[in-house]
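Reviewing the structure listed below.
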Amino acid sequence: MITVLNTIDTGHEDMIHDAELDYYGLRLATCSSDNSVKIYDIKSGTQTLVADLKGHFGPVWQVAWAHPKYGNLLASCSYDRKVIIWKEAGEWTKLYEHAGHESSVNSIAWAPAEYGLILACCSSDGSVSIITYSQDGGNWDVKKISGAHAIGVNSVSWCPAISADLNLDPLSNKEAPKRIVTGGCDNLIKIWREQGDQWVEENKLEMHMDWVRDVAWAPSLGLQRSMIASCSQDKRVVIWTSDDNVSWNPTILNTFDDVVWSVSWSLTGNILAVSGGDNKVSLWREGADGQWLCISEVAK
Amino acid sequence: MKVKELKRTVNVCWSPAEHYPVTIAAGSAAQQVDASFSSSSSLELYTLNLDEPGLDLSLKTSFQTQHKFQKLVWSGAGVIIGGCDGGLLEFYSVDKLLSNSPDPLLSSSTKHNGHVSSLDINPYQKNLLSSGASESEIFIWDLNNTSQPMALGNRSQPYEHVQGLAWNQQVQHILGSSFASRCVVWDLRKNEPIMKLSDSQSRTRWRSLCWHPDVATQLCIASEDDQVPVVQLWDLRLASSPLVTLEGHQKGVMSLSWCKQDSDLLLSAGKDGRVLCWNPNNTKPGGELLSEISQQQQWVFDVAWCGRDPGLFVTASFDQQVAVHSLLATEQTVSNVHTQNNMMDSFGGVDSFSALPSVSRPARPAPPAPQLPRPPRWLKRPAAAKFSFGGKLVTFEKCPQEAGNQKLIYISQVVSEPEIV
C-alpha cells in the first residue's frame, strides 16, 4: 500500500537526477541537470526551500546525507568531475571539495557511521575513490582504486557494518573488514575489501549483459545472509545472496520492459524498490519459498 | 581515450546491438600492403574484453580469405558481408566463423563492377542489404536469397562510383546514396530517386553520408576534398542549401558516424588524422565542435559508434592502427607502459634498457583531459526510487506530461503489511 504524502515542485530548471531524505525524514535534498542542489524542510505535508546550493559547474548526479552524528553534512557529485561536501553551520557552505577524478563522478555513498566519516565516490574515469575524514588533522585522506571498471563506474554501495563476515564469532566481528560493491560499464559487479591501507578486489560477479546502472547492498536484518541488488541497461534486476560474503549466488528478480535505473532497499531490508526508464516503480518482497513477488506497482 | 587497439590495416565493423558479447569483425584492407608485403588476407573476429587490462583485443576466430576487403558490414541476421575488388561481394555466416567451421562462406556474387566500397544493412529489416560500386550501380539484396539482387531504379547519370550508402533510420524504404558530385535519395517503393542534393556554392567531393537518428528528413554528408573538408547537414524539406556546414577538418573528411543513443553527437574522421565530435543539431555558422577526440599521423578512413555500448567507437587508419575509444574515460597509464615495453624490447630488453643513462624531464602536471561541454544523454538518470526511514519512499520520474515544466518529487508512505497496522 502506497500513499503519496508530499508532492514537491522543486523549481529545478532541468531534469532531476536524485533526491534523498535525511536520517529523520525531515529534510529533502535534490539535484539536477541545472547544476544546483536544493534542500527542503519537510513538515506535515508542506515543504520549504531552505537552501539552493550552487558550486557545481555541470549536472549534479547524486546527493547523499551523512549520519547526523557528524552534523548536518550533505555530499554531492557532478559531471564537472567534483565531489562537494556541504555543511550547515547557520548557513550551508562548502566544507570540502574533492577533485581527484578525471571524468564525471557518477555516484557517491557514505560508509556505515560506525566506521567514521568516509565517502566512496565512483567515476566515468574508471576509478573509485574513498575519502576519509581524520578527526585529528581535520583533513581528508584520499585512497583510490584505479581501473576498477573499464570505461566507467556507475554505482557504489557499502556493506553494512554489522553483517560483515557472518561466520566469524561475534567477538572478532569488530575487526570485520570494510567492503563496498560497485557496478560498471564493463557489465560487471565487483566487491572490494579493505586490506591494510589498500582496497583489493575480492569478487567479480558476472551476470548482466549490459551496463550495470545501480547496485544496493541490503541493510542487515541480523539474518545469517548478505544480499545485494543490481540493475542494468539489460532490463534485469538480479539479487545476489551470500552466507559468507565470499561466494555469491544470483537470482534474477525480474526482466522489465525498459532499462532499470535504480534499486533501493527499505531500511528493514525486506522490500526492494525498482525504478525504470518507463517511469514505473515497483516494490518486491521475498516470499517464504525464496521467490520474489511484486507487491505493488506505483502508478500516479 | 583509447581503450583497445589492433595493429593491422583492416576494415572493421561492430557486431549489431543485439549481439552479445560486443564483437568487432576485421578484414584485411584491399589496396594496402604491410611492411612484410604479405598478400594473404583474413577475416577475424575479436571480442571487446573490457574486463581485462591492457590494450589487446581478444581474438575469437581467424579465417584465411581469398580476397581482401573494401568494406565490411554485420547484419543482425547473423551474416557478415564483405565488399571486395572486382565487383565481388562475399557473404559469411557468423555462427560458422565463430565455430571455426572450415567453410564459413555462404555465397558470393560478382554482379557489380569495380570495387564494392559501400554497403549498409536496413535498420528495420536485417536481411535487407544495399550495395554500391562503380558506374552508379546500386543493388538491394535479400540475405535469405542472394542469387537475385534488385537493381535500384535507373542508374544515376553521369555514371560515377557509389561512395556511400545509408538507409534512413526512421522510414524503412528510404535509401541515401552519395556520389562525388551529388547525393541521391531513393524511395524503394517507387524504385526511383526522389531527391538530389548538390551544393553548387562549393567544390565539395562527397564521400560518406549518414541519416539523423531521430529526424527522418535530415542527413549529414562529408566532403573528402582537401580544399573543402566540410561536413554538411541537409534537410530534405529545404533542399536548396545545407542547414549548417561543419568546418574543422584541415583535410578531406573520410567517414561519419551519428550516435543513436544521443543524436547531439556526430563523429567525423579525416585525412588530417583527426577525429572530431560535433553537435550537428546546433546550426550556428561553422557548426558546434564539441571535442577533438584523437589525432593520428595517418588518414583515418573509418569511424563508427558501437551499436550496443554507448560512448564507445572504433577508428581505423592507414598506419596499421585500429583503435577502440571511450568518449568519457580518460587516459590510463596502461598505454604508456605498453609503449615503454615496446621500446625496451627494441633496445634489447629490460636489462640493457635500464643500463642506459637515465633521462630526466621536469615533471609536468597532466593537462586536463578534454571533456564534452555537456554530458551525453545516456548518463542522465531520468527516474529513481529511494527508501528512507519509516517506510518513506522518494520518487521522481522523466518529465511527466501533465506536470508541464514542473520538476516534481513525490514522497510516499509504504505500508507493506497493512493487516498489522
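Note on naming: letters A, B, ... go to the chains in the order of the sequence lines (proteins, then strands), and numbering restarts at 1 for each one. What you see is a predicted model; the values in this text were computed from it and never measured.
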Mind listing the closest non-hydrogen atom pair of A/Ala273 and B/Ala385 along with its distance?
CB-CB, 4.2 Å
Which distance, rounded to the nearest 0.5 Å, do you find between the CD of B/Gln413 and the CG of A/Asn6?
11.0 Å
In terms of heavy-atom pairs under 4.5 Å with chain B, the winner among A/Trp61, A/Trp265, A/Tyr40 is A/Trp61
Checking side-chain contact (heavy atoms from CB on, under 4.5 Å) for the pair B/Leu372/A/Tyr79: CA distance, chi angles, key distance, verdict?
CA-CA 10 Å; B/Leu372 299 179; A/Tyr79 181 69; 3.5 Å; yes
Crowding at NZ, A/Lys144 (>12 non-hydrogen neighbours, <6.0 Å)
yes
What's the separation between atom CD in B/Glu397 and atom CD1 in A/Ile16, rounded to the nearest 0.5 Å?
10.0 Å
Does B/Leu379 reach the side chain of A/Pro59, with side-chain heavy atoms less than 4.5 Å apart?
no
Run the salt bridge (charged side-chain N to carboxylate O under 4.0 Å, His left out) test against B/Arg374 and tell me which residues pass, sequence neighbours left out.
B/Glu288
Could you check whether any side-chain heavy atom of B/Leu328 comes within less than 4.5 Å of a side-chain heavy atom of A/Ile151, counting everything from C-beta outward?
no
Would B/Arg381 and A/Met15 count as a side-chain contact (heavy atoms from CB on, under 4.5 Å) here? Give the steps.
CA-CA 9 Å; B/Arg381 182 162 76 167; A/Met15 277 171 86; over 6 Å; no
B/Ile409, part contacting chain A, at a heavy-atom distance under 4.5 Å
both
Part of A/Asp18 within contact of chain B (heavy atom distance under 4.5 Å)
both
Is there a side-chain contact between B/Leu408 and A/Ile8 in this structure, where contact means two heavy atoms from C-beta onward sitting under 4.5 Å apart?
no
If you look at every heavy atom in A/Ser275 and B/Ala383, which pair is closest and at what distance?
OG-C, 3.6 Å
Looking at A/Asp186, A/Leu21, A/Thr30, which has the largest count of heavy-atom pairs under 4.5 Å with chain B?
A/Leu21
When every non-hydrogen atom of B/Lys386 is compared with those of A/Ser264, the smallest separation belongs to CA-OG, 3.5 Å
Which atoms of B/Pro373 are under 4.5 Å from chain A, going by heavy atoms: the side chain, the backbone, both sets, or neither?
backbone
What pair of heavy atoms forms the shortest contact from B/Pro382 to A/Trp261, and how long is it?
CD-CE2, 3.2 Å
Could you give the side-chain donor-acceptor pairs of residues 205-213 of chain A under 3.5 Å, partners two or more places apart or in another chain?
residue  : atom : partner  : partner atom : Å
A/His208 : ND1  : A/Asp234 : OD1          : 3.4
A/His208 : ND1  : A/Asp234 : OD2          : 3.2
A/His208 : NE2  : A/Ser230 : OG           : 2.8
A/Trp211 : NE1  : B/Asp309 : OD1          : 2.3
A/Arg213 : NE   : A/Gln233 : OE1          : 2.8
A/Arg213 : NH1  : B/Trp378 : O            : 2.9
A/Arg213 : NH2  : A/Gln233 : OE1          : 3.1
A/Arg213 : NH2  : B/Trp378 : O            : 3.0

Please state whether the side chain, the backbone, both or neither of B/Lys392 comes within less than 4.5 Å of a heavy atom of chain A.
side chain
Please state whether the side chain, the backbone, both or neither of A/Leu188 comes within less than 4.5 Å of a heavy atom of chain B.
side chain
Residue B/Lys380 excluded, over 12 heavy atoms near NZ under 6.0 Å:
yes
Heavy-atom pair count under 4.5 Å with chain A, highest-scoring of B/Ser388, B/Pro375, B/Ala384:
B/Pro375
Side chain from CB out, backbone as N, CA, C, O: work out which of these in A/Lys204 comes under 4.5 Å of a heavy atom of chain B, or both, or neither.
side chain
Using non-hydrogen atoms only, which part of A/Ser33 is less than 4.5 Å away from chain B: side chain, backbone, both, or neither?
side chain
Would you mind checking which part of A/Tyr23 comes under 4.5 Å of any heavy atom in chain B, side chain (CB onward), backbone (N, CA, C, O), both or neither?
backbone
Interatomic distance, NE2@A/His149 vs CG@B/Leu50, rounded to 0.5 Å, equals 12.0 Å
Do side-chain atoms of A/Thr10 reach the backbone of B/Lys407 as a donor and acceptor pair under 3.5 angstrom?
yes
Please classify the contact between B/Tyr20 and chain A as side chain, backbone, both or neither, with a heavy-atom cut-off of under 4.5 Å.
side chain
Do you know which two heavy atoms are closest between B/Phe387 and A/Leu283, and how far apart they sit?
CZ-CD2, 4.1 Å
Approximate separation, where rounding is to 0.5 Å, of A/Ile2 CD1 and B/Tyr410 OH:
13.5 Å
